[in-house]
Amino acid sequence: MLRTLFTVGLVALLGLVALKVVFGLLGPLVALLFWLIGLAIKVLLLGAVVYFMLRLVSPVTAEKIERAFRS
């Protein structure tokens, strides 16, 4: 019983140290990762809007674009 309590405590302390390393020392890299993910989402949404506008205006051109990405 006592061994289990010490093990749980040790794992909790190791987790806290790991969080300190990830968000303390590697904080700028984590921030850069989240910034890049946000940028990718914005580009994806912009591309989707442009594609659907193109689909409404010129369906033939949109189909050509689809075929180009599929092959």
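Sequence positions, counted from 1, serve as the residue numbers for this chain.
Separating the CZ atom in Phe34 from the CG atom in Leu39 is a distance of 15.0 Å, to the nearest 0.5 Å.
Both Ile37 and Leu45 belong to a common hydrophobic cluster when Ile, Leu, Val, Met, Phe, Trp and Tyr are linked at side-chain heavy-atom distances under 4.5 angstrom. Val30 is not connected to Leu36 by any chain of hydrophobic side-chain contacts under 4.5 Å among Ile, Leu, Val, Met, Phe, Trp and Tyr, and they are in different clusters. Phe69 and Leu54 fall within the same hydrophobic cluster, defined by Ile, Leu, Val, Met, Phe, Trp and Tyr side-chain heavy atoms under 4.5 Å apart, directly or through other members.
Counting heavy atoms from C-beta on, the side chains of Lys64 and Arg67 come closer than 4.5 Å.
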Donor-acceptor list for residues 1-17 side chains, cut-off 3.5 Å, not counting sequence neighbours:
unit_1	atom_1	unit_2	atom_2	d
Thr7	OG1	Arg3	O	2.7

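The local environment of CZ in Phe52 is sparse, with at most 12 non-hydrogen atoms from other residues, nucleotides or ligands closer than 6.0 Å.
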